[in-house]
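A short worksheet on the structure shown next.
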Amino acid sequence: MKATKWVSTAVALTLMGSVVVACGKNEETPSASPSGGAAGTTAPASNKPQEIKINFSAEPPVLDSSKTTANAAFTMLSAVNEGLYRTDKDGKATPGLAKDFPKISADGLTYTIDIRDNANWSDGQPVKAQDFIYSFKRTLDPATKAQYSFVVAWIKGGEAVTKAKTPEEVKKAQDALAVKAISDKQLEITLEKPVAFFTQMLAFGAFLPQREDFVTKAGDKYGAEADKVIGAGPFLLSKWDHGQTLELVKNDKYWDAANVKITKATINIVKDPNTGLNLYETGAADLTEINRDQLTLYKGKPDNMPKPELTNSYLMYQTKKQPALANKKIRQALGMAIDRQAYVDTVLANGSVPSTGLVPGGTADGAGGEFRKTAGDTQPPFDAAKAKQLLAEGLKEAGLTALPKMKINADDTETAKKSLEFILAQWKQNLGYEAEANPVPHALRIELSSKHDFDIALSLWGADYNDPMTFLDMWVTGGEFDEGDYSNPQYDALIKQAQTEVDTTKRAKALVEAEKILMDDQGVSPIYFRTRAYLKKPNVEGLILPSFGQEWELKWASIK
């Protein structure tokens with residue numbers, strides 16, 4: 001997921017959370033309360049006003065679950081909407097709009113899911129199975145240009161919709177899509193092939209329901225203004241002052257409203273950590289992210305709340321716009337010339353660690369182990385002398401005497417700007433190469449990357465689910481997120497093998513081999529695996545900072 005990238009973290013299911021959850025059988029419904037209390041139990045009332053103020057470093061580009069890829073948007077969408085399942089504090093799926101876990105056929109392909117009788121949209125209309133079917137078909141429609149259509153295309157017939165060329169072909173393929181409403185409150189989904197973590201995936205934003213009448217009426221403005229957003233979640237969006245503030249208020253029509261304590265959440269868009277800290281210390285914010293210098297002031301204090309994530313940061317190279325970047329040795333030189341340990345020590349100092357491959361530490365390997373332990377270190381180590389040699393060789397191979405002056409896109413937050421300064425200084429010192437920093441607003445950076453309109457981009461990716469595939473399938477030739485146009489047929493073959501391999505050990509091995517190829521090619525150059533530092537007022541309870549998928553979860557929060 002495009003980590004509000006420089007405010008965040010791409011779908012993390014359990015594969016979302018910290019551990020892969022096997023979903024191939026019916027499971028007992030866990031508590032709806034992250035504290036472990038019985039589902040439906042009302043938390044003790046507090047005399048304190050149940051209002052919370054949160055600093056957020058990036059504005060959501062759009063609150064349209066078919067179109068968004070940004071962590072900032074998925075965070076807001078999780079507050080105002082809900083899928084069949086919601087992710088709890090342990091990163092596991094718990095029933096949301098669904099009554100219970102799905103009934104899954106013996107072959108692992110067909111999921112039958114009952115929707116709660118009291119599941120309603122925020123305007124009181126009942127949530128129906130058709131709302132999910134419409135959402136899935138809209139996401140798959142090529143006209144929607146949904147970058148996450150590939151996960152919805154796991155549904156049988158989904159790929160045919162994405163490849164349809166004319167409106168008539170699209171309609172025919174949509175009609176054949178293997179998802180149907182057995183009744184208004186019962187949904188049946190049939191997959192192309194078994195996906196062990198599909199139940200968890202149904203908690204991801206790309207699988208949220210959408211109301212056809214509302215979407216049609218809003219038109220191009222759907223998801224762009226407060227009154228053009230509707231959901232069936234714990235909160236509703238009452239205000240959106242672009243670039244400044246979003247306001248959430250409790251949704252009394254939500255099926256589990258009795259267990260939602262927060263009545264109002266004010267989200268302030270604050271890009272400067274110093275401003276954020278000032279708001280926190282003056283009581284104008286209850287949650288804020290802090291930088292390395294601020295962290296030292298709060299070390300050991302109860303406010304300090306680290307957030308380890310399944311998130312990586314990396315440089316992405318546009319190999320078509322800049323032919324020099326199509327040369328493997330030049331990419332290797334650029335990646336190898338950055339001292340990643342010095343980067344996390346000097347720029348971040350927040351618990352983040354230097355990358356040793358693409359897939360972050362803590363990510364499961366899908367076979368019962370941890371991917372980084374299974375794969376070992378696959379990324380070339382920092383080596384200034386070797387980088388300089390590779391650059392010279394690469395330039396000669398490319399028929400160049402010097403690298404053209406290129407821009408590095410990044411968000412315009414303080415951390416991103418300092419990151420650009422560090423990287424450019426490393427390249428100048430170790431390669432004698434001067435690039436140009438290009439910090440831009442988050443939404444613009446996302447747009448430029450999506451259009452493949454950049455030279456080099458500094459980005460972050462947060463897991464959509466806890467499996468290496470959420471990081472590795474991005475770079476297949478022509479993939480939705482292969483925004484640098486990287487291509488290696490051997491890599492593609494290994495990813496394709498892993499996507500169909502039922503033997504988990506063989507699948508893990510294929511993914512390890514794929515990462516080794518990507519790291520040798522330096523198709524992208526990872527920099528670090530992220531931990532973020534937050535301050536949270538001690539009287540805020542039940543607020544979750546997930547390791548993937550979104551910034552925070554407010555459903556179970558309260559003020560004591």
Side-chain angles (χ1 to χ4, degrees), residues 11 23 62 64-69 77 81-85 96-99 102-116 119 121 125-195 198-199 201-220 222-223 230-232 473 478-480 499-500:
V11 215
C23 301
V62 64
D64 178 343
S65 57
S66 285
K67 294 182 176 180
T68 193
T69 62
L77 284 167
N81 207 351
E82 185 165 85
L84 293 161
Y85 302 95
L97 297 180
K99 284 183 181 180
K103 297 179 179 66
I104 306 173
S105 61
D107 61 7
L109 294 176
T110 301
Y111 288 62
T112 304
I113 303 167
D114 292 318
I115 299 169
R116 296 180 187 273
W121 292 94
Q125 288 196 32
V127 174
K128 299 180 180 180
Q130 185 59 41
D131 298 327
F132 289 93
I133 295 172
Y134 169 72
S135 176
F136 301 164
K137 289 182 176 180
R138 179 172 179 262
T139 298
L140 291 167
D141 188 339
T144 305
K145 298 180 181 179
Q147 286 187 274
Y148 268 119
S149 62
F150 72 96
V151 296
V152 182
W154 294 344
I155 299 172
K156 188 176 181 180
E159 188 174 354
V161 183
T162 65
K163 292 184 176 180
K165 302 300 183 184
T166 67
E168 293 76 21
E169 290 178 2
V170 170
K171 178 64 166 58
K172 183 179 179 181
Q174 286 177 328
D175 290 345
L177 187 69
V179 56
K180 65 180 180 179
I182 297 173
S183 69
D184 282 349
K185 291 292 185 176
Q186 191 173 65
L187 180 69
E188 181 182 278
I189 302 170
T190 301
L191 303 179
E192 191 70 51
K193 59 181 180 290
V195 178
F198 189 67
T199 300
M201 199 70 195
L202 289 171
F204 178 54
F207 291 91
L208 290 171
Q210 298 179 53
R211 273 255 302 277
E212 183 174 9
D213 63 326
F214 189 91
V215 175
T216 301
K217 184 178 179 181
D220 292 341
Y222 176 61
I230 192 171
D473 65 6
E480 286 291 341
Q499 288 172 332
T500 57

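Computed from heavy atoms alone, side chains included, the values below leave out hydrogens, waters and symmetry copies.
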Checklist entry - Should Val152 and Val161 count as side-chain neighbours, where that means a heavy-atom distance under 4.5 Å? => result no

Checklist entry - What residues, two or more places apart in sequence or in another chain, satisfy ring pair (Phe, Tyr, Trp, His ring centres under 6.0 Å) together with Phe207? => result Phe136, Phe198

Item to check | From CA spacing to verdict: side chain to side chain contact (heavy atoms under 4.5 Å, CB included), Ile189, Phe132 | outcome: CA-CA 10 Å; Ile189 302 170; Phe132 289 93; over 6 Å; no

Checklist outcome for this item: Heavy-atom closest pair (Pro126 atom, Lys185 atom, distance to 0.1 Å) is CB-NZ, 4.3 Å

Checklist entry - How would you list, by chain and number, every residue that makes a side chain to side chain contact (heavy atoms under 4.5 Å, CB included) with Phe214, sequence neighbours excluded? => result Arg211, Tyr222, Ile230

Checklist entry - Which heavy atom of Val170 sits nearest a heavy atom of Pro142, and at what distance? => result CG2-CD, 3.9 Å

Checklist entry - Listed by chain and number, what are the side chain to side chain contact (heavy atoms under 4.5 Å, CB included) partners of Leu208, not counting sequence neighbours? => result Ser65, Leu77, Asn81

Checklist outcome for this item: When every non-hydrogen atom of Pro209 is compared with those of Gly83, the smallest separation belongs to CD-CA, 4.2 Å

Checklist entry - Would a 4.5 Å heavy-atom cut-off, applied to side chains only, mark Leu84 and Leu187 as touching? => result yes

Next on the checklist: If the threshold is 4.0 Å, N to carboxylate O, is there a salt bridge linking Asp213 and Lys217?
Outcome noted: no

Checklist outcome for this item: Applying salt bridge (charged side-chain N to carboxylate O under 4.0 Å, His left out) to Lys180 and not counting sequence neighbours gives Glu188

Next on the checklist: Rounded to the nearest 0.5 Å, what separates atom CD1 in Ile113 from atom CG in Leu97?
Outcome noted: 11.0 Å

Checklist entry - Heavy-atom distance under 4.5 Å between the side chains of Tyr111 and Leu191, does that happen here? => result yes

Item to check | salt bridge (charged side-chain N to carboxylate O under 4.0 Å, His left out) against Lys172, all qualifying residues, sequence neighbours excluded | outcome: none

Checklist entry - Who are the side-chain hydrogen bond (donor to acceptor under 3.5 Å, both in side chains) partners of Thr110, not counting sequence neighbours? => result Thr190

Checklist entry - Any side-chain heavy-atom pair from Glu480 and Val151 closer than 4.5 angstrom? => result no

Item to check | By salt bridge (charged side-chain N to carboxylate O under 4.0 Å, His left out) - contacts of Asp114 (at least two apart) | outcome: Lys103

Checklist entry - How long is the span from the NZ atom in Lys128 to the CH2 atom in Trp121, to the nearest 0.5 Å? => result 12.0 Å

Item to check | Gln174: partners by side-chain hydrogen bond (donor to acceptor under 3.5 Å, both in side chains), with sequence neighbours left out | outcome: none

Item to check | Set of side-chain hydrogen bond (donor to acceptor under 3.5 Å, both in side chains) partners for Asp141, sequence neighbours left out | outcome: none

Checklist entry - What do the steps show when you test Lys137 against Gln210 for side chain to side chain contact (heavy atoms under 4.5 Å, CB included), and what is the final call? => result CA-CA 10 Å; Lys137 289 182 176 180; Gln210 298 179 53; over 6 Å; no

Next on the checklist: Is it the case that the side chain of Thr139 and the backbone of Ser135 share a donor-acceptor pair, with hydrogens and angles ignored and the cut-off at 3.5 Å?
Outcome noted: yes

Item to check | salt bridge (Lys or Arg N to Asp or Glu O under 4.0 Å) contacts touching residues 147-158 (sequence neighbours left out) | outcome: none

Item to check | Expected output: side-chain Glu169 to main-chain Lys165 donor-acceptor under 3.5 Å | outcome: yes

Item to check | Trace of the side chain to side chain contact (heavy atoms under 4.5 Å, CB included) decision for Leu140 with Ile155 | outcome: CA-CA 10 Å; Leu140 291 167; Ile155 299 172; 5.6 Å; no

Next on the checklist: Could you check whether any side-chain heavy atom of Val195 comes within less than 4.5 Å of a side-chain heavy atom of Met201, counting everything from C-beta outward?
Outcome noted: no

Next on the checklist: Could you tell me if the side chain of Thr162 sits less than 4.5 Å from the side chain of Phe150, heavy atoms only?
Outcome noted: no

Checklist entry - To the nearest 0.5 Å, what is the distance between CD (Glu212) and CD (Gln130)? => result 7.0 Å

Checklist outcome for this item: Residues passing the side chain to side chain contact (heavy atoms under 4.5 Å, CB included) test with Asp107, sequence neighbours excluded, are Ser105, Leu109

Item to check | Partner residues of Lys163 under the side-chain hydrogen bond (donor to acceptor under 3.5 Å, both in side chains) criterion, sequence neighbours left out | outcome: Glu159

Checklist entry - For Ser66 and Ala146, which heavy atoms make the closest approach, and how far apart are they? => result O-CB, 2.9 Å

Next on the checklist: Would you compute the distance between atom OG1 of Thr144 and atom CG of Asp64 and round it to the nearest 0.5 angstrom?
Outcome noted: 8.0 Å

Item to check | Exceeds 12 heavy-atom contacts within 6.0 angstrom, atom NZ of Lys171 | outcome: no

